[in-house]
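FYI, the numbering just counts along the sequence from 1.
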Amino acid sequence: MRKYSIGILLLCLIGLLFGCQADRLTDDPNCRLAFSRDTVLFDTVFTSIGSSTQRLMVFNPNKNALQIERVALANGKYFRVNMNGEPLDGGSSPANQGRKITIAGGDSMFVFIRATIDPQDSNSPVFICDTLLFGLPQGVQQVILEAYGQDVVLIRSAKRRTEYARDFVFKRDKPYLIYDSVLIGGKMSIEAGATLYMHQGAAIFALGDMEAVGTMNQPITMRGDRLDRLFDSVPYRYAAGMWDGLYLLNYKDAPSATYAFDFLTCEGGNIGLYCYSERTEDLPSLFLQNSRLHNHALYGVVLQNTNATIANTEISNCASYCLYLDGGEYDIVHTTIASYFGSTNVNIQSTQKEDVAGVYINNLSKTGAATNVSVRNSIITGSRRNQLVLATPLPQYYAGEWYGNYLKTDSLTIPHAHSNIYWSEEDTVEVFRNTYYKYKEYRYYDFRLDTLSPARGIGDSIAALPYPFDRNGISRANKRPDAGCYQFEE
């Protein structure tokens with residue numbers, strides 16, 4: 001028993017000896033701190049709004065304790081620092097003078113940093129830099145802080161909804177940050193090159209005509225306002241449900257509306273585009289071309305009582321229907337509909353994938369307009385076995401034309417379906433380049449065609465004539481057109 005007591009006493013003495021060594025200040029002139037990173041880089045920060053908080057770890061890898069005699073921001077204008085639960089003022093403020101922090105040997109501490117940037121009177125992002133200084137008896141060490149400050153047009157109301165009774169134009173000069181909801185009673189226009197950043201829950205409601213016509217070099221972007229990252233390789237841009245959606249509403253007492261979209265990128269919301277009309281006659285018309293609606297927590301495109309043309313467009317990765325059509329005449333040509341929501345090994349979606357097809361066509365209404373859909377030179381596929389539902393009472397009399405398509409569904413029994421390629425369980429080749437988000441490899445979904453894709457060269461040349469270039473500007477001339485919005489290119 002006495003031997004055990006002596007052993008325990010020796011262990012306590014050894015622990016006390018090492019503990020004292022860890023707390024004893026070093027006099028070694030070569031001892032230094034170590035940092036989790038030498039540069040803290042913030043993604044673009046909206047001026048007057050501030051950034052999310054970045055974390056820096058400060059390590060003392062030495063056996064003995066190190067004393068930090070002074071911590072300071074060289075400039076102190078754009079960044080706010082918190083250490084050990086206490087804020088650090090910037091520059092040469094007295095709060096930084098003589099403030100000593102001791103880190104025991106082998107220990108560490110957290111430093112939390114935020115960027116708060118004043119308006120820069122610039123349309124383009126402005127580079128901001130500062131240095132976090134750690135003054136030791138052995139010398140000064142530093143960590144670089146960097147950010148880009150972006151001025152924005154802030155739309156925010158205490159009522160949580162901003163209303164414009166007349167026409168309204170979103171201009172290209174500066175991005176817009178929409179915090180709540182916007183309701184526009186007149187015509188809504190978005191200039192080519194404009195960017196709309198949408199805060200959590202924000203939505204746009206358009207009660208009149210809408211025109212959002214971008215170009216290949218100046219596309220229009222609608223996305224969430226989180227510009228930072230979930231993880232190093234996972235930006236918030238890859239997360240669904242970061243804002244609500246774009247709603248086009250045409251009531252009976254208003255003139256029949258016209259909607260035009262070209263080179264629009266709309267991603268990361270609950271709903272990409274929702275168009276609803278109370279009419280059953282004189283329906284509104286919608287043109288959606290050269291666009292991409294991607295990664296939505298509910299629906300990609302919902303059209304009810306609308307006549308629409310969708311061309312050269314990608315509608316992809318939605319937790320429910322990528323495309324829902326109910327009432328109206330629809331012409332879909334050279335469009336890629338890819339339903340692979342949730343095909344990732346990191347949870348970036350705010351909801352689970354519903355067990356529904358990528359495309360649902362509802363022609364069962366007894367009171368609304370009939371739903372007539374033609375699909376040409378397009379792709380409808382995804383991770384589910386059946387990606388197309390045509391709900392119609394008498395399919396043998398359905399008037400829509402379907403040809404030149406790649407379809408993951410049972411063979412269509414409608415009379416005007418021909419020259420389509422249907423997915424089969426025996427298929428061993430990939431349709432697209434990448435249908436899985438591999439975040440550790442920095443590989444995101446890529447719905448351009450794979451080298452051996454069965455959708456290559458199956459399009460109808462006559463149907464392709466109005467669309468001589470694909471969504472990325474690749475020519476379809478002098479070759480057999482591919483199905484979908486992307487023409488294959490080596």
Pair Asp331 + Arg376: basic N to acidic O under 4.0 Å: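 Counted as a salt bridge, because a side-chain N and a carboxylate O are separated by less than 4.0 Å.
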Check the pair Asp355 / Arg384 against salt bridge (Lys or Arg N to Asp or Glu O under 4.0 Å), numbers first and verdict last. CA-CA 8 Å; Asp355 187 21; Arg384 190 176 186 265; 2.9 Å; yes
Does a side-chain heavy-atom distance below 4.5 Å link [X] with [Y]?
{"X": "Leu56", "Y": "Arg37", "value": "yes"}
{"X": "Tyr422", "Y": "Leu412", "value": "yes"}
{"X": "Asn434", "Y": "Tyr436", "value": "yes"}
{"X": "Thr280", "Y": "Thr367", "value": "no"}
{"X": "Asn405", "Y": "Ile380", "value": "no"}
{"X": "Tyr437", "Y": "Val234", "value": "yes"}
{"X": "Tyr340", "Y": "Phe447", "value": "yes"}
{"X": "Val111", "Y": "Val40", "value": "no"}

Crowded around [X] [atom1]? As in, over 12 foreign heavy atoms under 6.0 Å?
{"X": "Phe112", "atom1": "CZ", "answer": "yes"}
{"X": "Glu281", "atom1": "CD", "answer": "no"}
{"X": "Glu278", "atom1": "CD", "answer": "yes"}

Any side-chain to backbone donor/acceptor pair from Gln487 onto Ile474? Under 3.5 Å, distance only.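 Checked: no pair found.
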Please identify each residue that fulfils side chain to side chain donor-acceptor pair (under 3.5 Å) with Glu425, with sequence neighbours left out.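 In terms of side chain to side chain donor-acceptor pair (under 3.5 Å), with neighbours along the sequence ignored, Glu425 is linked to Arg385.
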Inter- and intrachain pairs under ring-ring contact (aromatic ring centres under 6.0 Å, His included), touching [range], at least two apart:
{"range": "residues 244-267", "value": "Phe205-Tyr247, Tyr247-Tyr274"}
{"range": "residues 304-333", "value": "Tyr321-Tyr324, Tyr321-Tyr360, Tyr324-Tyr360"}
{"range": "residues 369-389", "value": "none"}
{"range": "residues 388-417", "value": "Tyr403-His418"}

Walk me through it: do Thr392 and Ile361 pass the test side-chain contact (heavy atoms from CB on, under 4.5 Å)? CA-CA 8 Å; Thr392 187; Ile361 300 170; over 6 Å; no
Please report the closest heavy-atom contact between [X] and [Y], naming both atoms and the distance.
{"X": "Asp43", "Y": "Asp228", "value": "OD2-CA, 3.3 Å"}
{"X": "Ser339", "Y": "Cys318", "value": "OG-O, 4.3 Å"}
{"X": "Asp446", "Y": "Phe432", "value": "O-CB, 3.6 Å"}
{"X": "Ser316", "Y": "His294", "value": "OG-ND1, 2.8 Å"}
{"X": "Ala483", "Y": "Ser378", "value": "CB-O, 3.7 Å"}
{"X": "Thr313", "Y": "Asn290", "value": "OG1-N, 3.4 Å"}

Set of residues satisfying ring-ring contact (aromatic ring centres under 6.0 Å, His included) with respect to Phe42, sequence neighbours excluded: Phe79
ring-ring contact (aromatic ring centres under 6.0 Å, His included) partners for Tyr164, two or more places apart: Phe168
Applying side-chain contact (heavy atoms from CB on, under 4.5 Å), run through Asp470 and Cys485 and close with a yes or a no. CA-CA 6 Å; Asp470 79 348; Cys485 64; over 6 Å; no
Do Arg114 and Thr53 pass the side-chain contact (heavy atoms from CB on, under 4.5 Å) test, and can you show the C-alpha distance, the side-chain angles, and the key distance before you say yes or no? CA-CA 5 Å; Arg114 293 186 74 243; Thr53 300; 3.2 Å; yes
Let's go through Arg476 and Phe469 carefully: what are the C-alpha distance in whole Å and the side-chain angles of both, what is the deciding distance for side-chain contact (heavy atoms from CB on, under 4.5 Å) to 0.1 Å, and is it a yes or a no? CA-CA 6 Å; Arg476 294 189 174 103; Phe469 298 95; 5.8 Å; no
Would you kindly say whether Asn312 and His334 are connected by a side-chain donor-acceptor distance under 3.5 Å? no
We want to know whether Ser277 and Asn305 form a side-chain donor-acceptor pair, criterion being a heavy-atom distance below 3.5 angstrom. no
Using the test salt bridge (charged side-chain N to carboxylate O under 4.0 Å, His left out), find all partners of Arg55 that sit at least two apart in sequence or belong to another chain. none
Taking salt bridge (charged side-chain N to carboxylate O under 4.0 Å, His left out) as the definition, give me every residue that meets it alongside Arg279, ordered by chain and number, with sequence neighbours left out. Asp282
Name each donor-acceptor pair under 3.5 Å that joins a side chain in residues 150-161 to protein atoms two or more places apart or in another chain, with its distance.
unit_1: Gln150; atom_1: NE2; unit_2: Asn123; atom_2: O; d: 3.1
unit_1: Asp151; atom_1: OD1; unit_2: Thr47; atom_2: OG1; d: 3.0
unit_1: Asp151; atom_1: OD1; unit_2: Gln120; atom_2: N; d: 2.8
unit_1: Asp151; atom_1: OD2; unit_2: Gln120; atom_2: N; d: 3.1
unit_1: Asp151; atom_1: OD2; unit_2: Asp121; atom_2: N; d: 2.7
unit_1: Asp151; atom_1: OD2; unit_2: Ser122; atom_2: N; d: 3.0
unit_1: Ser157; atom_1: OG; unit_2: Lys159; atom_2: N; d: 3.1
unit_1: Arg161; atom_1: NE; unit_2: Glu163; atom_2: OE2; d: 3.0
unit_1: Arg161; atom_1: NH2; unit_2: Glu163; atom_2: OE2; d: 2.5

Testing Leu177, Leu246, Ile204, Val182 one by one against Met198 for a side chain to side chain contact (heavy atoms under 4.5 Å, CB included), which residue passes?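 One option only clears the test, and that one is Ile204.
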Side chain to side chain donor-acceptor pair (under 3.5 Å) evaluation trace for Asn295 with Asn317: CA-CA 5 Å; Asn295 196 30; Asn317 286 19; 5.4 Å; no
Ring geometry between Tyr444 and Tyr238 (parallel below 30°, tilted from 30 to 60°, perpendicular above 60°): parallel
Residue pairs fulfilling side-chain hydrogen bond (donor to acceptor under 3.5 Å, both in side chains) with at least one residue in residues 176-203, sequence neighbours excluded: His199-Asp225
In a table with atom names and distances, give each donor-acceptor pair under 3.5 Å that connects a side chain of residues 451-460 to protein atoms at least two apart or in another chain.
unit_1: Ser453; atom_1: OG; unit_2: Val431; atom_2: O; d: 2.9
unit_1: Ser453; atom_1: OG; unit_2: Ala455; atom_2: N; d: 3.2
unit_1: Arg456; atom_1: NH1; unit_2: Thr451; atom_2: O; d: 2.7
unit_1: Asp460; atom_1: OD2; unit_2: Ile462; atom_2: N; d: 3.1
unit_1: Asp460; atom_1: OD2; unit_2: Ala463; atom_2: N; d: 2.9

